[in-house]
Structures are given as C-alpha cells and as structure tokens.
Amino acid sequence: MTRTSAPGGALTLSWCLVMALMMGARLAAAQADQGAAAMRFDLPAQPLEISLSVFGRITGHSVLVASSLTAGREAAAVHGDFTPREALQQMLAGTGLVARYTGADAFTLVAVPAALPAGDQAPKAEGAFTEAARAHDGYAAVLQASITRVLCIAQPDAFGRYRLGIQLWIDPVGDVSDARVLQGSGLAPRDAAVLASLRAMALDAPPPPGMAQPITILLTPRADPARDCRRYRAAGAG
C-alpha cells in the first residue's frame, strides 16, 4: 500500500527547552517504572517501524505516531532485561525522537529538533512548541478515547483481545477520510470490520492544524478489556 503523506509543520526551540522536555520525560518514566517488572528484550538495530511493532507485541503498549516521523529512522539495538520504558528509551537513542506517554501503556513520539533559534526568537519558539506539544498530547487522548468507544460498541466481545496496526487519515472537521491496515490481526473479516467502524467514526474533536498524517495506530491486547469498555457498552445499550 502506497500513499503520499504530507509532513507536518516544523517547530524549533531552544536547547534549554529540549533538555527540559527530555528531563521531564525521564522523570515521568522513572516514576511510572517504579514497581514495573523488567522484561527480556532482544531487539537488533533495525527500521524503527519494525522495532515499535515488536515492542508493542512484547509489552502490550500502544503507539500513536505519524508515519512521517518514523519513516527512514533506525532503532537502536536493545538487549537485556529492562522495564518497558527503559527499553523504549534505549530503542529511540539516536533517532531524534522521544516518547511522550498519554497513559500507563500508550505513548506518542515527538521529534527533538536540532535547530536553535537565535536571540529574541527563542521565547517565541518555546511558546509555540509548548502549545503544539499540548495540542499533540490532547489529540492523542481524543483518538484513544474515540477509537476505544467505537470499537467497544462495535466489537463487544473482541476489542482489546488482538493486535492490529492501522493508519488513519483525518479531515479538518474530525471525520476519518480513510483507514488502512498496516499489520493484520490474523483474521481478515475482523480487520475489515475494524476498518468499516473507523471509516464511519467521527472523532470528538478536529485534529490540530498542521498535524502530520497519516497517523499510525497500534491496537494491542488490553489487560482488562471488559473494564475499558464498560462505560461505552452502557452508552451503546442506551
């Protein structure tokens, strides 16, 4: 499957904000990793898309990321026993990307820009980046909630019990204009049903201006899908 993806707008910021972002991400990861069990990872250096897919299969973590961010990037090798977030940090070393978690087991990837604004432009760039990062994180949460709701209602006995990689194109008003399978779940009829549900989905909010598309989404088995779907099933039944 081939489709042209329009890159999102580039943002620059000062290194002080880059370091603050990375330090904040490390602090959040350290806090979340307290009590997390170490897992065995044996990932070679390889295309980032492949490592993310294997990482999701091993850990059950879900990723929401624009394909334009991962295309052409090489993941670092990860060998040994690590918590999921430690392994992800190692995997992303040298890619120019950092993970921003939107939940205990769901994350997005954002680029760490290399360019430095000069003089009076630094505060403006920092403000623009902060605003864009908030919009990015907020929309990742919107996507997760919308997809969970739609699939819980459409597949009450199947959601959260399979792996499926998909790409979504979202129009400016928040409707899904197209959906494609990247990695099948193993059952073609189920994959087709998911695509039909997502193509008919109206999201709870429109995408942020300039958001890179398509958006790659990896649906993974949930620890307690019945709990995740409880409120949506009640709404669907009503």
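Residue indices begin at 1 and follow the sequence shown.
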Partner of V194 by side-chain contact (heavy atoms from CB on, under 4.5 Å), out of V181, L187, V150, L164:
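When side-chain contact (heavy atoms from CB on, under 4.5 Å) is applied between V194 and each of V181, L187, V150, L164, only L164 qualifies.
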Does S53 offer a backbone N or O that forms a donor-acceptor pair with the side chain of R163 under 3.5 Å?
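Here the side-chain-to-backbone pair exists.
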[X] and [Y]: which non-hydrogen atoms are nearest, and at how many Å?
| X | Y | value |
| --- | --- | --- |
| R149 | A202 | NH2-O, 4.0 Å |
| L97 | A111 | CD2-CA, 3.6 Å |
| Y139 | P206 | CE1-O, 3.0 Å |
| E74 | T95 | O-CG2, 3.3 Å |
| S146 | L203 | CB-CD2, 3.4 Å |
| F41 | T83 | CE1-O, 4.2 Å |

What's the spacing between [X] [atom1] and [Y] [atom2] if we round to 0.5 Å?
| X | Y | atom1 | atom2 | result |
| --- | --- | --- | --- | --- |
| R85 | Q90 | CZ | CD | 15.5 Å |
| L151 | Y232 | CG | OH | 11.0 Å |
| H61 | L52 | NE2 | CG | 12.5 Å |
| C229 | D224 | SG | CG | 9.5 Å |
| L143 | I217 | CG | CD1 | 5.0 Å |
| L219 | Q144 | CG | CD | 10.0 Å |

Minimum side-chain heavy-atom gap [X]-[Y] below 4.5 Å:
| X | Y | value |
| --- | --- | --- |
| I215 | Q167 | no |
| F107 | L88 | yes |
| D81 | M39 | no |
| L43 | M91 | yes |
| V98 | L109 | no |
| P207 | I170 | yes |
| F55 | P84 | yes |

Salt bridge present between R180 and D178 (N-O < 4.0 angstrom)
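A salt bridge links R180 with D178.
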Whether the Q155 and Y162 side chains hold a donor-acceptor pair (N or O, under 3.5 Å, no angle test) is what I'd like checked.
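Result is yes, a qualifying pair exists.
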Between R190 and S185, do the side chains contain a donor N or O and an acceptor N or O under 3.5 Å apart?
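Yes - a donor-acceptor pair under 3.5 Å links their side chains.
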Test side chain to side chain donor-acceptor pair (under 3.5 Å) applied to S177 and D171, step by step
CA-CA 6 Å; S177 58; D171 68 22; 5.9 Å; no
R199 NZ/CZ over W169 ring centroid, <6.0 Å and within 45° of normal
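Judged by the rule (NZ or CZ under 6.0 Å from the ring centre, within 45° of its axis), R199 is not positioned above W169.
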